[in-house]
K.L.:
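Can you keep this structure in mind? I'll have questions shortly.
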Amino acid sequence: MDAWYRLSEEEVIKKLKTSPSGLKKDLILSLQQEYGKNALKEAKQKSKFAILLGQFKDVMIVILILAAIISFAVGEHTDAYVILAIIIGNAWIGYAQENNAEESVRMLQQMAAQYALVLRDNHPVKLEAKELVPGDVILLEAGDIVPADARLLEVSAFKTEEAALTGESHSIEKITDAIDKENIGPGDQLNMIFKGTIVSNGSAKAVVTTTGMQTEIGKIAGLLEVGEQKTPLQKRLAVFSKQLAVIVIIICAVVFGFGLWRGEPAFLMFLTALSLAVAALPEALPAVITIALANGARRMVKQKALIRVLPAVETLGSVTYICSDKTGTLTQNVMTVEKFQAAPDKDELLKHAMLLNNEVRYSEEGNMLGDSTETALVNYAVNKGHSKEQSDNSFPLVSKLPFDSNRMRMSTLHQDNGKWLLFVKGAPVKITEVLAERYKDQVPKWLELNREWAADGLRVLFFAYKQLDEKPGQITEELEKDLDFLGMAAMIDPPREEVIEAIKECKTAGIKTVMITGDQPLTAYAIAERLKMVAEGSKNTRTGAELAKLNEEEFAREVRNIFVYARVSPEQKLNIVKALQHNGEFVAMTGDGVNDAPSLKQADIGVAMGITGTGVSKEAADMILLDDNFATIVKAVKEGRRIYENIRKFILYVLSCNLAEILTIFFTPLFGLAIPLLPIHILWINLVTDGLPGLALTSEPAEKDIMQMPPRPPRENLFAGGMIPKIVLTGVFMTVSVMLTQAWAAKEGYDVQTQQTMVFTLLCFIQLGNALSVRSSYHSIFHATIFGNAGMWGSIILTVVLQLLIVYLPFTEAIFKTTALDWKAMRMILLVTGICILTIELIKYITNRLYRKGK
Ligand code: ATP
């Protein structure tokens, strides 16, 4: 078979049994069955069974299994069974959570799928790239990621970047002619495009030749590894957990040795030491972090923020600057032409230009597809009684130079009754630059009108044309000179109402908001003023041209005070991010175009547009706004702050509880009291308190003033803000309370088993109280949102009921070696629990006064 690049366009079409207007719909199904999905195979995802099995690899579980075996061997069968039950309980909770987290991540990956614009039955449809089959005709424009290998049929200034495939970093200009050479590599097949490469310029129509693993990239990529990403927090915690583990094991060894020395039974001490290790090891920490992050990402999707990389969830809370595009993000992207002014006698021709000089297409349902600026122009002319079809027939398209945000204009060449007609539209200054000399005197007048309109927040476009007697070759910058003025049109794109509120919220949250737009300064400023982004009367806008004159240091100084940038090119956007970062800012930056990828990558949080964004920008982003809305970024930041705070709360809770357990077991015997807790008690407390209330903490709703705090410094220590003193003080106080209670019980003449039951119940209750207290980092437990977390209350009630059952049911008493407590003992437990909760609150209050900055 001849290679595709050697065949002419017609031959390729014939061979693939398709047509330039696309495949017939009824063929698709059989083709899909024949060729399969147009996807690169991914390395297998973790199966549910693997996740379940993974739970038993945990050090803690291994220790427990060991303990169960030994218990059984020495004849303590009940102990062995209970430990077994606890192992299963633990594994089940771990499995359910991890499975949940995996599913969240999978869902996120699926939602970030790539799309392609395909002609089927002569109508453009947007499909997931994996649905493509050979023979499909695809339409491509700058910023698209090529969805499959394809042979080009039509090109307009079409260039691709094929570094992913060939390593060649320059854009390659593509052609449609057949190439009569044998055995040339993909890099030289200029009439072909390849899956995974990037359209850097222009537009094209192509027919898909190969899909999925048969594509060039499929052949070299083999399996696509979706590597697990560890967030900085996860990495730090993994290290921390290991260090803590060493300390815990040493303590356990000491407890064991000391018990033996005191003459306790060796087996009991061995089991105690093991249980203590299990209870105190913070091995659940990294797992809980993953769960919190993944669930957070899932919640963000519900709010229309799709997270592409998990670390973004964690770092969002640190954002100090949000740099946003204007069109569509701050505004509604619903453009309507409000002003229209044709040059004398050019009214009709201007409307033809509005209908023709664009990339607008109609979908099967008759809806207009395309850029909102251009659909607004087409709509205007259509409403004035014109039709795109008529214009297309009167002036058939010959070639075009698509819009490009660096050039800020677009040109189309048409036939005109044996002659040729060039239409050019674009930003006012870009058009006036290329008008013929004779218009020189009139230009100031038009620019004045432009300024007037722009000051009302309108986007203004100028139109020009040129009649040619002879057919020119390609459209070049040379051809776009000496033009005749055709007229101007201006459109309004109203600001999004919700953005005003979001910007206000950013102000209280210490986040600066910046508008970066390709539009002219006056338009940009008028919109910024309406959004209350700038203080009234502060005309502090800068244009790209002004920025270009500054050196690096001046630039870094300037960016501190500028909140509106106009006429900015993508390269300058990159410089703005860098300058802000140079000043120590943590920057979220939006972008949608093909050239925005570098600034999205450079930004700490790159944000792409889900609706209007190009494939390339989405690929480069950390987060995708499914509704293109600025307010969604702010919601995501808030969510990010909430998640981080909750992780801190969880750590505070778990470490202070674990500390109390260790200290109680370590110190009580030193004061001449009996062993305070039996191994099963420790395991039980670990299971119920760390497990349920701990997890409920990660879904704690945001504190109501979370957006009134300054952003958290990105490199701030996890334990900042007095967390260590809080952990130590809380742990020590709980220990002292428990020891005093046991001492009281001993003095009152309660036997050892009752003493242990009391300590067991008291520890369980205090830990639940602690969970309630850590729910808010800044406010007291009696704060208005005390019932804000149903999961927390559910798990507290459940735990209390279970605890009472264990203490009072004869059957469980036997298993847990407890005794039914009398009212006097119970009263004491409740009293001490109350005192503990109040004291923990006091500790919170004092440490906050001492350590908390800001607010
Ligand atoms: P923002 O940066 O606010 O999102 P934008 O991305 O639409 O705006 P660009 O697309 O870079 O900005 O447009 C820059 C300028 O180019 C616009 O101000 C306008 O004058 C001109 N322009 C925009 N769209 C077109 C188009 N389709 N054809 C010709 N000129 C255009």
Side-chain angles (χ1 to χ4, degrees), residues 141-143 202-203 323-335 337 353-360 368 370-378 400-412 423-434 447 450-451 453-454 457-464 480 486 488-496 499 514-528 531 533 541 543-545 564-573 576 589-596 599 607-609 611-614 617 625 628-630:
E141 56 181 24
S203 55
C323 301
S324 171
D325 283 337
K326 173 175 68 65
T327 309
T329 318
L330 295 170
T331 64
Q332 299 174 8
N333 204 21
V334 192
M335 303 230 192
V337 173
M354 287 166 100
L355 288 162
L356 291 171
N357 184 284
N358 56 52
E359 306 264 2
V360 174
M368 251 184 245
D371 177 61
S372 58
T373 304
E374 299 190 337
T375 50
L377 296 170
V378 174
K400 65 185 166 194
L401 200 52
F403 172 71
D404 158 338
S405 50
N406 282 321
R407 285 172 12 96
M408 295 196 197
R409 59 176 183 243
M410 162 171 190
S411 297
T412 50
F423 285 131
V424 186
K425 78 165 187 309
V429 280
K430 297 289 166 183
I431 298 296
T432 48
E433 272 170 15
V434 290
L447 286 179
N450 159 51
R451 275 194 289 276
W453 290 354
L458 301 182
R459 159 173 282 200
V460 189
L461 289 186
F462 276 21
F463 288 79
E480 285 173 330
L486 192 52
M488 49 208 279
M491 55 210 95
I492 182 74
D493 178 14
R496 289 176 184 267
V499 168
V514 174
M515 175 194 284
I516 302 183
T517 173
D519 250 338
Q520 52 182 324
L522 277 170
T523 312
Y525 190 77
I527 300 284
L531 289 169
M533 282 181 93
T541 42
T543 60
V564 179
Y565 295 93
R567 291 287 186 235
V568 168
S569 69
E571 294 75 49
Q572 285 159 346
K573 250 174 133 169
I576 295 173
M589 160 83 83
T590 72
D592 49 10
V594 54
N595 302 323
D596 284 336
S599 34
V607 185
M609 301 298 133
I611 304 171
T612 56
T614 54
S617 63
L625 302 180
D628 289 12
N629 190 343
F630 174 88

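Remember, it's 1-based here, ligands and their atoms both numbered in the order they're listed.
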K.L.:
Could you walk me through whether Gln572 and Arg567 pass the side-chain contact (heavy atoms from CB on, under 4.5 Å) check?
P.N.:
CA-CA 10 Å; Gln572 285 159 346; Arg567 291 287 186 235; over 6 Å; no

K.L.:
Could you grab the distance from atom NZ of Lys573 to atom CE of Met589, nearest 0.5 Å is fine?
P.N.:
6.0 Å

K.L.:
Below 4.5 Å, heavy atoms only, C-beta onward: do Phe403 and Asp371 meet side chain to side chain?
P.N.:
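Sidechains of Asp371 and Phe403: no contact.
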
K.L.:
Compare all side-chain heavy atoms of Met491 with those of Leu461 and state whether any distance is below 4.5 angstrom.
P.N.:
yes

K.L.:
Partners of Asn333 by side-chain hydrogen bond (donor to acceptor under 3.5 Å, both in side chains), sequence neighbours excluded?
P.N.:
Ser372

K.L.:
Phe463 and Leu377: which non-hydrogen atoms are nearest, and at how many Å?
P.N.:
CZ-CD1, 3.8 Å

K.L.:
When you look for protein heavy atoms under 4.0 Å from ligand 1, which residues do they belong to?
P.N.:
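Protein residues near ligand 1 are Asp325, Lys326, Thr327, Asp371, Glu374, Phe403, Ser405, Met408, Lys425, Gly426, Ala427, Arg459, Val460, Leu461, Ile516, Thr517, Gly518, Asp519, Arg567.
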
